[in-house]
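What follows is one structure encoded as structure tokens, with my remarks underneath.
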Amino acid sequence: MIMSRIEAPRDEDDAAAAVDSTPGSTPGSKPGSPLGSPLGSPLGDPSTLVDRLLAGLPAGSVLTDPDVTASYANDMASFCPAGAPAVVVLPRTVEDVQHVMRTATELRVPVVPQGARTGLSGAANATDGCVVLSLTKMDRILEINPVDRVAVVEPGVVNAALSRAVNEHGLYYPPDPSSWEMCTIGGNIGTASGGLCCVKYGVTAEYVLGLDVVLADGRLMSTGRRTAKGVAGYDLTRLFVGSEGSLGIVVKAVLGLRPKPPEQLVLAAEFASASAACDAICRIMEGGHVPSLLELMDRTTVKAVNDLAHMGLPESTEALLLAAFDTADPAADLAAVGALCEAAGATQVVPAEDAAESELLLQARRLALTALEAVKGTTMIDDVCVPRSRLGEMLEGIDRVAAKYGLIIGVCAHAGDGNTHPTVCFDAQDPDESRRARESFDEIMALGLELGGTITGEHGVGVLKKEWLAREIGPVGLEMQRAVKQVFDPLGILNPGKLF
């Protein structure tokens, strides 16, 4: 296969452990500020809160041991403050969630909804004295309907589990974040996540047809539809997608499905410069090609993946481009794209011979963020999306930032979308290096906005990018978003401190 054939990980147990590890404490996290009631009353005695919750919930679903609740304090983002939860609740039914929200409203206690905590923006981080509402136990696939091409699921369903289940019916759920073996559908909806296939199939928001949502006061609301079309009223479904649990708690989702496509074949192309790889990307998109995947890994990322999983990727390359097609004749499409890569200056172009070799290449790409974390022990993973035509400028700018701050910054990208993931590798125990990491992260976001991009293509705002959201949308946009929040959550108890 690629450049003397890509190899499977030699230490498969270690590689799997790296991917499946439970998120630990976030480097740089510190207690958040307690949220007082908007009405000015105190949060009250924690024992009162626990007693009120237990009055309507099974005992096993309410966790109060501080050592246990602390493990739910944060997601996988760096430099995001996290507080100490008063209690963690693991609901199994809609009624459980409603009881939690009614109790929280009465006692003016903040509620932080969580999925698998694989997020990268601090959106699932606890605040002091809050109820962490972990929805991972609500994990049933309620329906798969091949005629209507919909699936109805609870929020705790793992993305990969849904994908495999619908595949058995000849169907396909396209959104596939790199953490798809761990992340949940509820978390995907909350952060409006994307994935490797977005260049052809789009992001999570395009597949969420309808939702059941428990509001801040415990009422249950249904939005959207399960029909192929529907335009009745405001599109409240889209409003909840990407709202990071700040408007309501998603307890059920109707998801659109597609027919299962043919197995894709992947091509790998080596380039002597990132700018040449970006030129190839522009040629591919301008030529009208519709790849099912178009991903880029820079030299730092390629080396990190090899160091972690011993996959035999070509470390001589400055940029490795992966293109895939799931068409009726993928080999012909790969040949056409391969020619465009060579015209742009590719030093080597190697198509996979079969689905197994293609999957190994995709495995390498999925390992990228885990591998970069192993370089220094800690990462800050940016998520800046720019117009495809300016992707080369973005990568050149990131190289300048890395040199300026004396840091290792690896880049993997959903190149077909212009969605880059510059990943700053640093030692969290080194105060100066940590400072430089944070400053470089901000400089990369500023660069993205200068190039006509956005501060987040799929990871969300959370705590990490609150300041930058205000810069991107402006004062009027911020005022309108806060007004929407006030309508749905007048007491400010739903995931406070996030977004704004």
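Looking at Thr237, Val241, Leu236 one by one, the single match for side-chain contact (heavy atoms from CB on, under 4.5 Å) with Leu239 turns out to be Leu236. Under the side-chain hydrogen bond (donor to acceptor under 3.5 Å, both in side chains) test applied with Asp382, the options His421, His459, Lys465 reduce to a single match, Lys465.
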(request) Please assess Arg258 against Tyr173 for the test side-chain hydrogen bond (donor to acceptor under 3.5 Å, both in side chains), listing each intermediate value before the final yes or no. (result) CA-CA 7 Å; Arg258 289 175 174 251; Tyr173 180 68; over 6 Å; no
(message) With salt bridge (Lys or Arg N to Asp or Glu O under 4.0 Å) as the criterion, how do Asp96 and Arg92 come out once you've worked through the C-alpha distance, each side chain's angles and the decisive distance to 0.1 Å?
(response) CA-CA 7 Å; Asp96 289 349; Arg92 291 183 179 273; over 6 Å; no
(request) Begin with the C-alpha distance, continue with both residues' side-chain angles, and end with the deciding distance and a verdict on side-chain hydrogen bond (donor to acceptor under 3.5 Å, both in side chains) for Asn188 and Trp180. (result) CA-CA 9 Å; Asn188 294 167; Trp180 76 311; over 6 Å; no
(request) For the pair Leu395 and Cys278, evaluate side-chain contact (heavy atoms from CB on, under 4.5 Å) and give the outcome as yes or no after the intermediate values. (result) CA-CA 9 Å; Leu395 296 182; Cys278 292; 3.5 Å; yes
(request) Take Lys498 and Val112 through the test side-chain contact (heavy atoms from CB on, under 4.5 Å) and record every step on the way to the result. (result) CA-CA 10 Å; Lys498 314 300 166 41; Val112 176; 4.2 Å; yes
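Nearest approach of Leu447 to Gly397, heavy atoms of both residues: CD2-CA, 3.7 Å. Contact detail for Ala84 and Asp128: the closest heavy-atom pair is N-OD1, 2.7 Å. Between Val87 and Leu63, the shortest heavy-atom distance links the atoms CG2-O, 3.3 Å. The heavy-atom pair separating Gly452 from Pro387 by the smallest distance is O-CD, 3.7 Å. Across all their heavy atoms, Ser78 and Met380 have their closest contact at CB-CG, 4.0 Å. The shortest non-hydrogen separation linking Gly448 to Val384 is CA-CG1, 3.5 Å.
Between Phe79 and Phe426, the ring centre distance stays below 6.0 Å. Within the 6.0 Å centre-distance limit, the rings of Tyr172 and Tyr201 are counted as a close aromatic pair.
Between the CG atom of Asp51 and the OG1 atom of Thr103 there is a distance of 11.0 Å, given to the nearest 0.5 Å. From Asn495, atom CG reaches atom OG1 of Thr127 across 8.0 Å, with rounding to the nearest 0.5 Å. The CG atom of Asp212 sits 3.5 Å away from the OG atom of Ser222 when rounded to the nearest 0.5 Å. For the atom pair Ser61 OG and His99 NE2, the distance stands at 9.0 Å (nearest 0.5 Å). Here the CD1-OG1 distance, from Ile444 to Thr420, works out to 8.0 Å after rounding to the nearest 0.5 Å. Note: Ile249 CD1 to Leu211 CG = 12.0 Å, rounded to the nearest 0.5 Å.
In this structure a side-chain-to-backbone donor-acceptor pair under 3.5 Å is missing from Glu143 to Val152. Looking only at distances, no side-chain donor or acceptor of Asn159 sits under 3.5 Å from a matching main-chain atom of Ile185. Of the possible polar contacts, none joining the Asp139 side chain to the Pro155 backbone as a donor-acceptor pair under 3.5 Å is found. Under the 3.5 Å distance criterion, the side-chain polar atoms of Asp489 are matched with a main-chain donor or acceptor of Leu494. No donor-acceptor pair closer than 3.5 Å links the side chain of Asp383 to the backbone N or O of Ile455. Side-chain atoms of Arg117 do not come within 3.5 Å of backbone N or O of Gln114 as any donor-acceptor pair. In this structure a side-chain-to-backbone donor-acceptor pair under 3.5 Å is present from Lys466 to Gly497. Checked by atom type and distance alone, the side chain of Glu396 never pairs as donor or acceptor with a backbone atom of Glu393 at under 3.5 Å. For the pair Thr191 (side chain) and Gly187 (backbone), a donor-acceptor distance under 3.5 Å is present. Between the side chain of Thr105 and the backbone N or O of Ala216, at least one donor-acceptor pair lies under 3.5 Å.
At a threshold of 4.5 Å between non-hydrogen side-chain atoms, the residues Val461 and Ser121 do not count as touching. A heavy-atom distance below 4.5 Å is not found between the side chains of Val424 and Thr379. In this structure, Arg435 and Asp432 have side chains that are in contact, with non-hydrogen atoms separated by less than 4.5 Å. The shortest side-chain heavy-atom distance between Met285 and Leu294 falls under the 4.5 Å cut-off. Side-chain contact between Leu220 and Val94 is present, with heavy atoms from C-beta onward closer than 4.5 Å. The shortest side-chain heavy-atom distance between Thr423 and Ile409 does not fall under the 4.5 Å cut-off. Side-chain contact between Pro81 and Val463: present, with at least one pair of heavy atoms (C-beta onward) separated by less than 4.5 Å. When side chains are defined from C-beta on, Arg149 does not count as touching Asn145, because their heavy atoms never get closer than 4.5 Å.
The environment of Gln486 atom CD is dense: over 12 non-hydrogen atoms of other residues, nucleotides or ligands sit within 6.0 angstrom. The number of heavy atoms from other shown groups lying within 6.0 Å of NZ (Lys252) does not exceed 12. Open room surrounds CZ on Arg219; 12 or fewer heavy atoms of other groups in view lie less than 6.0 Å from it.
Using a 4.0 Å cut-off between charged nitrogen and carboxylate oxygen, Arg140 and Glu154 count as a salt-bridge pair. A salt bridge links Arg226 with Asp148: the closest approach of a Lys/Arg side-chain nitrogen to an acidic carboxylate oxygen falls below 4.0 angstrom. Ion pairing between Arg102 and Glu106 fails under the 4.0 Å rule for side-chain N and carboxylate O. A salt bridge does not link Glu181 with Arg366: every distance from a Lys NZ or Arg NE/NH1/NH2 to an Asp or Glu carboxylate oxygen is 4.0 Å or more.
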